[in-house]
> 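Right, I'll just put the structure down here and ask away after.
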Amino acid sequence: MSPSAISLTTIFVIVAAGVAIGFLAGVHRKMDLEQWTVGGRGFGAALMFLLMAGEVYTTFSFLGASGWAYSRGGPTLYIMAYLTLAYVVSFFILPPIWELGRKYGMQTQSDFFSMRFGNKYLAGFVCLVGIASFIPYLQLQITGVGIIVSIASFDGIGRTPAMVISVALLVAFVFASGVRAVAWVSVLKDVLMVLAAVSIGIGIPHIHFGGIGPMFAALVRSRPTHLTMPGATTNLGHTWYVSTVLLTSLGFYMWPHAFGAAFTAKSGDTLRRNAVVMPLYTITLAFIFFVGFTAVLVVPGLPNGDLSLLTIVRQSFPPWFLGVIGGAGALTAMVPAAIFILTAATLFAKNLYRPIFAPAMTDDQVAILARVMVVVLGLISLLLAIYKSATLVGLLLTGYAGVTQFFPGVVLGLYWKRVTMPGVSAGMIAGVATVIFLMLSHRDPLYGWSAGFLALCLNFLIATVVSRLTPVLVVPE
Amino acid sequence: MPLLTLRSPHSKYPEPTLGFGSAGYNHRPVRVKRPSLGALLLGLIPFIAMCLSVSLWDRIQPMIFGLPFNLCWLIAWIVLGSLCMGAAYRVETARDRKDSENQ
């Protein structure tokens, strides 16, 4: 067998095993709307941990983090800080959200807004921004699979056919099961991912430099500024670091899927315990960074940093091992992509379309519409991935700038008695408009500050001031 | 006073209306427990250490176990941050227990 056939076969076997687990998890369960989307609200600590971890380790951390270690250097460290701090935030906001979810029968983030502020247009706007923010995140995963398959095939299969195949598999996978299946495939994906990260993180510096310490020593000698901020960039300094870490750590649980995952927990206590343990999982990222930093010296001059991890793996190991890493990477893209697409489709059908355009729809009809949206969203992201390229980290930060605009509404909604619907709406609209304006006019970062963070500050300010100026109209019991 | 009651899986809250004027509401008061000050302060520690203080630790020397100082600092704080949250967990559960004894 040729090297590309060996590596591709290995990837195929791993992905097929993942899909098989997904299908098996879907059997013997009646799939109504609640079962399909929140797994019947009965996940214990272990399955919860997997579901949440499944969303943390995406292709972004696999290819994107190493890509930025390679192309940007020091600024890539923000990823390690923000993931840890995101759990700190979750400790304080997820348990009360879970309690309210149980009390009022909420399944999604926009249910929260509609329950708390009583306005279906605000809830619809939250859905729309959530779905729009998912698209770059979904595009990121699909681009990742394209990179994996084309490098594993030794450039024999183009990225476009690879992306088409992965979207088709993804849609089939989501159709067959739902959230519970995704949680179980996470088991396979996470075991593979951690093994892959640790083995290449230790192996690759060892093969080329005799160890991690000597690799860093060599890197400091040849590129003395690469490992600190702003690294290989001019505008990603400390101001950028602080504003981006705050933006992304506050925004992490504002992603509609992460927010919705909180509702699948068995108790608020489960969520708190997760917040204590989960940060430890972030240590895996260090190994991914080691690979990216080694690649700076071993495979310099790649057109796109996101190629660096797999290129150096291909150069350092036999084809079957490249296949294992590629298979782990492909699952790492597909599991989160399934979660995103499932969440976005359900949001569209249940929280945007039904309340605003067709209040008479039954739950069964909503479920059908959600399935149609799975296909539609898959196709949109596929087209974007084919025709519009960006670095993986760049895509993720775009999405974060959008979803973090929910943060003031959620936190004020939980803890401030004086907050009103017009206040939260005005803040959110101003925040989203600022993000769109700054991103489209390529002003991110603005004077060293992350654009999304500036928008978040404005959002908070407007939400507070307008809430003060508007009367509180309490729901009649 | 229990914070939550058992409910059926489907939503019980009234269908929201426009809410701009007297016709609807723009605010449903929710009763959630505020986190205790102790837990909040414990949560602030990792934010200061990993984010706000970046200019103090973003350097290469001294290298520790062969790792640049900034990377080593962050790895250490992943563990220390988890310990802080473990302590915050104890603070919160101790308070919950006390509250339920007082009822």
> Pick one of side chain, backbone, both or neither for A/Thr84, based on which atoms fall under 4.5 Å of a heavy atom in chain B.
side chain
> In terms of heavy-atom proximity below 4.5 Å to chain A, should B/Ala87 be classed as side chain, backbone, both, or neither?
neither
> Non-hydrogen atoms of chain B under 4.5 Å away: do they reach the side chain of A/Thr244, the backbone, both or neither?
neither
> Of the listed residues (A/Leu77, A/Leu219, A/Val245), which shares the most heavy-atom pairs with chain B below a 4.5 Å separation?
A/Leu77
> Where on A/Phe216 is there a heavy atom nearer than 4.5 Å to chain B: the side chain, the backbone, both, or neither?
both
> Pick one of side chain, backbone, both or neither for A/Val220, based on which atoms fall under 4.5 Å of a heavy atom in chain B.
side chain
> Of the backbone (N, CA, C, O) and the side chain (C-beta and beyond), which part of A/Pro224 lies under 4.5 Å from a heavy atom of chain B, both, or neither?
backbone
> Name the option with the most non-hydrogen atom pairs under 4.5 Å to chain A; the candidates are B/Val79, B/Leu71, B/Leu44.
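The candidate making the most pairs under 4.5 Å is B/Leu71.
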> Could you tell me the separation between the CG atom of A/Leu246 and the CZ atom of B/Phe47, rounded to the nearest 0.5 Å?
6.5 Å
> Taking side chain as everything from C-beta outward and backbone as N, CA, C, O, which of these in B/Ala39 sits under 4.5 Å from a heavy atom of chain A? Side chain, backbone, both or neither.
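Contact with chain A is through both the backbone and side chain of B/Ala39.
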> Find the one option among A/Tyr82, A/Phe92, A/Phe289 whose heavy-atom pairs under 4.5 Å with chain B are most numerous.
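With the most close heavy-atom pairs to chain B, the winner is A/Phe92.
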> Side chain, backbone, both or neither: which part of B/Leu42 has an atom under 4.5 Å from a heavy atom of chain A?
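Nothing of B/Leu42, per the 4.5 Å heavy-atom cut-off to chain A.
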> Look up atom OH in A/Tyr78 and atom CG in B/Leu74, then write down how far apart they are to the nearest 0.5 Å.
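So the OH of A/Tyr78 and the CG of B/Leu74 are separated by 13.5 Å.
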> Is it the side chain or the backbone of B/Trp57 that comes within 4.5 Å of chain A heavy atoms, both, or neither?
side chain
